[in-house]
Amino acid sequence: MKQAIKSNAMILGGFALICTLMVALVDLLTADTRARQAEQQLLNTLYQVINPARFNNDIYMACQHVQDRDLLGSDKPQTVYTARQDNLPVAVAITSVAPDGYNGNIELLVAINKDGSLSGVRVLEHQETPGLGDKIETRKSEWIYRFENKKMTSEKDSRWAVKKDGGMFDQFTGATITPRAIVNAVKNTMLFFDKNQTELLSNTTSCRGENG
């Protein structure tokens with residue numbers, strides 16, 4: 001009996017090892033493909049928030065890493081992509097985090113024109129409630145488009161809030177926390193741009209080790 005148990009345990013252990021090795025092998029073999037897919041998805045999102053007709057540089061390569069926990073919502077480095085037309089900066093797209101979403105972090109891409117107005121905003125990743133908070137996705141509603149061309153008059157611009165708080169942005173029926181978190185995160189990202197505008201627009205290096 002003990003021998004049978006030992007034998008079965010060895011078989012199960014061997015099977016588990018083989019499965020683990022197969023998963024690791026598949027992960028290794030598909031790593032490049034997944035990386036290319038992630039790059040293309042990011043490029044598509046960048047083209048959504050900054051019209052590609054406005055720039056002629058490789059925006060994916062024209063990037064730098066920045067950190068500001070208070071304004072960008074995370075201890076982790078965020079990425080700034082610079083769009084340039086004939087080497088002149090026209091806009092930047094900044095990744096940032098809304099840390100106070102209903103179900104946790106909401107990762108954003110916020111594009112800001114050289115004049116400080118918003119070019120566009122997109123949600124990169126979130127865990128918000130389906131049917132309520134997920135209206136931040138473009139395939140679910142047009143809410144996120146309402147940021148386009150908006151500006152701030154100052155850090156204390158009271159319009160930058162949801163209407164429930166006296167601002168200019170709609171909240172969702174039954175879900176105020178999610179839009180409130182995004183409005184606040186976009187506002188903070190714009191403040192980060194305003195604070196670091198000269199450095200962000202003048203950057204010509206690449207966070208990928210090549211010239212932008």
Side-chain angles (χ1 to χ4, degrees), residues 38-68 71-74 76-99 101 105-126 135-153 155 157 159-160 167-170 178-179 181-208 212:
E39 177 181 341
Q40 188 58 53
Q41 184 175 353
L42 175 59
L43 274 173
N44 290 340
T45 307
L46 284 167
Y47 294 157
Q48 289 176 34
V49 294
I50 306 176
N51 190 327
R54 297 179 59 203
F55 60 91
N56 56 14
N57 68 313
D58 185 348
I59 192 172
Y60 181 75
M61 297 302 299
C63 57
Q64 60 181 303
H65 293 310
V66 295
Q67 280 185 278
D68 190 319
L71 294 180
L72 298 182
S74 175
K76 297 180 180 179
Q78 300 300 309
T79 307
V80 180
Y81 300 90
T82 306
R84 295 193 296 270
Q85 182 71 33
D86 297 334
N87 292 321
L88 297 176
V90 296
V92 297
I94 307 172
T95 63
S96 63
V97 177
N105 289 347
I106 301 172
E107 298 183 15
L108 302 170
L109 184 67
V110 180
I112 306 171
N113 296 314
K114 186 178 179 180
D115 66 0
S117 63
L118 279 170
S119 177
V121 178
R122 291 294 185 276
V123 173
L124 298 177
E125 188 173 336
H126 74 91
K135 292 184 178 69
I136 56 180
E137 298 177 23
T138 56
R139 63 191 181 92
K140 296 294 181 67
S141 83
E142 297 183 352
W143 181 82
I144 203 76
Y145 295 117
R146 298 176 188 181
F147 287 100
E148 293 177 9
N149 301 314
K150 294 290 193 300
K151 295 186 74 171
M152 278 194 309
T153 57
E155 184 175 350
D157 190 340
R159 299 173 305 151
W160 277 83
M168 62 180 170
F169 295 95
D170 292 330
T178 302
I182 290 185
V183 170
N184 188 56
V186 173
K187 176 183 177 181
N188 283 339
T189 305
M190 295 180 74
L191 290 173
F192 175 82
F193 172 78
D194 186 62
K195 177 182 175 182
N196 301 279
Q197 182 174 356
T198 300
E199 179 182 352
L200 296 178
L201 291 174
S202 63
N203 178 64
T204 57
T205 61
S206 172
C207 60
R208 294 178 174 83

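Just so it is clear, the structure is predicted and the values come from calculations on it, not from any experiment.
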For Val90 and Arg84, run side chain to side chain contact (heavy atoms under 4.5 Å, CB included): C-alpha distance rounded to whole Å, both residues' side-chain angles, the deciding distance at 0.1 Å, then the answer.
CA-CA 5 Å; Val90 296; Arg84 295 193 296 270; 6.0 Å; no
Using atom types as modelled, flag every donor-acceptor pair under 3.5 Å from a side chain in residues 46-53 to any protein atom, sequence neighbours excluded.
from, atom 1, to, atom 2, distance (Å)
Gln48, OE1, Arg122, NE, 2.9
Asn51, OD1, Ala53, N, 2.9

Stepwise side chain to side chain contact (heavy atoms under 4.5 Å, CB included) test for Tyr81 and Leu42:
CA-CA 11 Å; Tyr81 300 90; Leu42 175 59; 3.1 Å; yes
Distance col, row Tyr60:OH vs Ser206:OG, nearest 0.5 angstrom, shows 9.0 Å
Hey, does the side chain of Asn188 reach the backbone of Leu72 with a donor-acceptor pair shorter than 3.5 angstrom?
no
All heavy atoms of Ala98 vs all of Ala181, minimum pair found to be CB-O, 3.6 Å
Please enumerate all residues that pass side-chain contact (heavy atoms from CB on, under 4.5 Å) together with Lys150, with sequence neighbours excluded.
Leu118, Trp160, Met168, Phe169
Does any non-hydrogen side-chain atom of Phe193 lie less than 4.5 Å from one of Val80?
no
Show every donor-acceptor pair shorter than 3.5 Å between a side-chain atom in residues 105-114 and any protein atom, with sequence neighbours excluded, or say none if there are none.
from, atom 1, to, atom 2, distance (Å)
Asn113, OD1, Arg54, NH1, 2.8
Asn113, OD1, Arg54, NH2, 3.0
Asn113, ND2, Ser117, OG, 2.9

Thr95/Gln78 under side-chain hydrogen bond (donor to acceptor under 3.5 Å, both in side chains): CA gap, chis, key distance, verdict
CA-CA 6 Å; Thr95 63; Gln78 300 300 309; 2.9 Å; yes
Please list all pairs passing the salt bridge (charged side-chain N to carboxylate O under 4.0 Å, His left out) test where one or both residues lie in residues 186-206, with sequence neighbours left out.
Asp68-Lys195
Quick one, Leu200 and Thr82 - any side-chain contact, counting heavy atoms below 4.5 Å?
no
So, taking the atom named OG1 in Thr189 and the one named CZ in Phe147, what distance separates them when rounded to the nearest 0.5 Å?
10.0 Å
More than 12 foreign heavy atoms under 6.0 Å from CG of Asp115: is that the case here?
yes
Would you check, one step at a time, whether the test side chain to side chain contact (heavy atoms under 4.5 Å, CB included) holds for Asn57 with Asn87?
CA-CA 8 Å; Asn57 68 313; Asn87 292 321; over 6 Å; no
Quick one: OG on Ser119 to CG on Asn149, what's the gap to the nearest 0.5 Å?
8.0 Å
By salt bridge (charged side-chain N to carboxylate O under 4.0 Å, His left out), which residues pair with Glu137, not counting sequence neighbours?
Arg139
So, using salt bridge (charged side-chain N to carboxylate O under 4.0 Å, His left out) as the criterion, who are the partners of Lys140 when residues are at least two apart?
Asp134
Would you check if Asp170 and Pro179 make a side-chain contact, meaning some heavy-atom pair closer than 4.5 Å?
no
Value for NZ (Lys151) from CZ (Arg159), rounded to nearest 0.5 Å, stands at 10.5 Å
The reported gap from CG in Leu124 to OG in Ser96 (rounded to nearest 0.5 angstrom) is 8.5 Å
On a heavy-atom basis, which atom in Gly120 and which in Glu148 lie closest, and how many Å separate them?
CA-CG, 4.1 Å
Tell me if a side-chain donor or acceptor on Asp157 pairs with a main-chain N or O of Met152 at a distance below 3.5 Å.
no
Non-hydrogen side-chain atoms of Val66 and Asn196 separated by less than 4.5 Å:
no
